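Notes to accompany the following structure.
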Amino acid sequence: MTAPAWWIFSGRKLLIRDDAFEGERRTGLLPVVPLDLDASLELRIEVPPVGLGLRAEPAQALHAPEPPDPPPGFQWVELRAAAAALDDDAFRRAGRAWQFLEWRRTHRFCGVCGAPTAPGPRGALQCPACDHLHFPRLSPAVIVVVHRGDEIMLGRNPAFPEGMFSTLAGFVEPGESLEAAVHREIREEADVEVAPPVYFGSQPWPFPHSLMVGFFAEWRSGAPRPADGELEAVGWFHRSDLPRLPGSVSIARHLIERWREGPLPG
């Protein structure tokens, strides 16, 4: 029987191999059997182990309230930084593990009556007092490449690393379609109007529990400007002179690279 794979977190820090950032990208996965876990890490567990329900491999996630000393050959790395060392599949699995842990941590008590929750049917948490079921939260967000000929519109959030620009994005509001969210977000953030958006693809994004839905949208009118205070800069960039871009694991980078390749769908 295959030993379970343990995704071990403390806050948003993931335990990852020391050599994960050297040479060929590695998964950074720490597979240990439960018997070895206490001896190697001496973990104080804040959230009970969470089974991830992956058929391909037994997998569980643990969360420690404070990072213990890592075992030899491993280090604690912020999940965003770890993305640079994880391939797409490993990053998806790490994000899934962290999202389940965060859901369990933030739903210890029922939001209806306040009683402690317990594991329930179909992977939910259930309130034993009022039977309310709590499922993992998922927040859809749109992310958009706005293009105009050989130019692309990119914005800079104050929280980005120095010099980095990215595509515009925002959460979908209640009662709103994905397409309507595209038009609203671009208008609110950059004071620009776009043509009907064309779907590109989606990506689970564990910061904190998003589903990013990517679109292309052709510019129609307006001069880009930081309109609602969320961006500190926004403007047009020629395909031959792009700024620092998001990492390759993100759908933002995938959208930009697809635009770079040539004619877009729609």
Side-chain angles (χ1 to χ4, degrees), residues 4-17 20-21 25-31 43 45-67 74-108 123-125 134-144 157 159-161 164 166-172 178 181 185 200-215 230 245-256:
W6 294 89
W7 293 98
I8 302 178
F9 290 85
S10 182
R12 289 193 182 182
K13 290 185 177 180
L14 170 66
L15 195 63
I16 196 170
R17 293 176 59 94
F21 295 99
R25 302 171 84 204
R26 298 170 172 84
T27 66
L29 187 65
L30 173 57
L43 279 176
I45 299 173
E46 181 182 25
V47 179
V50 175
L52 302 181
L54 298 175
R55 295 182 181 178
E57 61 174 8
Q60 289 187 304
L62 294 174
H63 187 273
E66 295 180 1
F74 291 85
Q75 62 179 306
W76 292 100
V77 179
E78 289 285 342
L79 185 55
R80 282 184 183 270
L86 301 175
D87 61 33
D88 289 347
D89 183 62
F91 178 68
R92 177 187 58 80
R93 288 184 286 142
R96 175 185 173 91
W98 187 85
Q99 285 178 268
F100 269 92
L101 287 171
E102 187 67 1
W103 166 60
R104 291 282 292 269
R105 186 185 71 82
T106 57
H107 287 77
R108 296 179 183 179
L125 290 173
H134 302 266
F135 291 92
R137 181 178 176 183
L138 191 62
S139 302
V142 294
I143 183 165
V144 192
N157 187 291
F160 285 173
M164 194 182 89
S166 185
T167 52
L168 274 58
F171 288 106
V172 181
L178 296 172
E185 282 292 337
F200 167 74
S202 63
Q203 179 186 40
W205 191 246
F207 305 110
H209 37 65
S210 302
L211 175 66
M212 307 300 296
V213 185
F215 291 91
E230 184 172 339
L245 299 173
S248 60
V249 74
S250 70
I251 192 172
R253 185 61 174 267
H254 296 170
L255 278 160
I256 294 170

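All values below come from the heavy atoms of this structure, side chains included, with hydrogens, waters and symmetry mates left out. In this chain, residues are counted from 1 in sequence order. Because the structure is a prediction, the values reported are computed rather than measured.
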Look at the rings of Phe100 and Trp103 and say which category their plane angle falls in: under 30° parallel, 30 to 60° tilted, over 60° perpendicular.
perpendicular

Is the gap between the ring centers of Phe91 and Trp205 under 6.0 Å?
yes

Measuring from atom OG of Ser202 to atom CZ of Phe215, what distance do you get when rounded to the nearest 0.5 angstrom?
9.5 Å

I need the Leu255 CG to Ser250 OG distance, nearest 0.5 Å.
8.5 Å

Heavy-atom closest contact (Leu79 atom, Ala94 atom, distance)
CD1-CB, 4.1 Å

Flag the pair Trp7 / Arg96 as yes when at least one side-chain heavy-atom distance between them is below 4.5 Å, and no otherwise.
no

Can Val213 and Leu178 be said to form a side chain to side chain contact (heavy atoms under 4.5 Å, CB included), step by step?
CA-CA 8 Å; Val213 185; Leu178 296 172; 4.0 Å; yes

Please determine whether side chain to side chain contact (heavy atoms under 4.5 Å, CB included) holds for the pair Glu230 and Asn157, giving the CA-CA distance in whole Å, both sets of side-chain angles, and the decisive distance to 0.1 Å.
CA-CA 7 Å; Glu230 184 172 339; Asn157 187 291; 4.3 Å; yes

Testing the basics here: between Gln99 and His209, what is the closest heavy-atom pair and its distance to 0.1 Å?
NE2-CA, 3.1 Å

Report yes if some heavy atom in the side chain of Pro136 is under 4.5 Å from a heavy atom in the side chain of Arg104; otherwise report no.
no

Nearest heavy-atom neighbours spanning Ala169 and Met212:
CB-CE, 4.1 Å

How close do Pro204 and Leu211 get, heavy atom to heavy atom, and via which atoms?
N-CD1, 4.0 Å

Going from CZ on Phe9 to CG on Leu101, what distance comes out if it is rounded to the nearest 0.5 angstrom?
6.5 Å

Check: Ile251 main-chain N/O paired with Gln203 side-chain donor or acceptor under 3.5 Å
yes

Would you name the heavy atoms of Glu102 and Arg105 that are closest together and state the gap between them?
OE2-NH2, 2.7 Å

Could you check whether any side-chain heavy atom of Trp76 comes within less than 4.5 Å of a side-chain heavy atom of Ile8, counting everything from C-beta outward?
yes

Just by modelled atom types, is the Gly11 backbone N or O under 3.5 Å from a matching donor or acceptor in the His63 side chain?
yes

Working to the nearest 0.5 angstrom, can you tell me the gap between Ile143 CD1 and Glu185 CD?
11.0 Å

Nearest non-hydrogen partners of Pro246 and Arg253, listed with the distance:
O-NH1, 2.7 Å

Short side-chain to backbone donor-acceptor contact, His134 and His107, under 3.5 Å
no

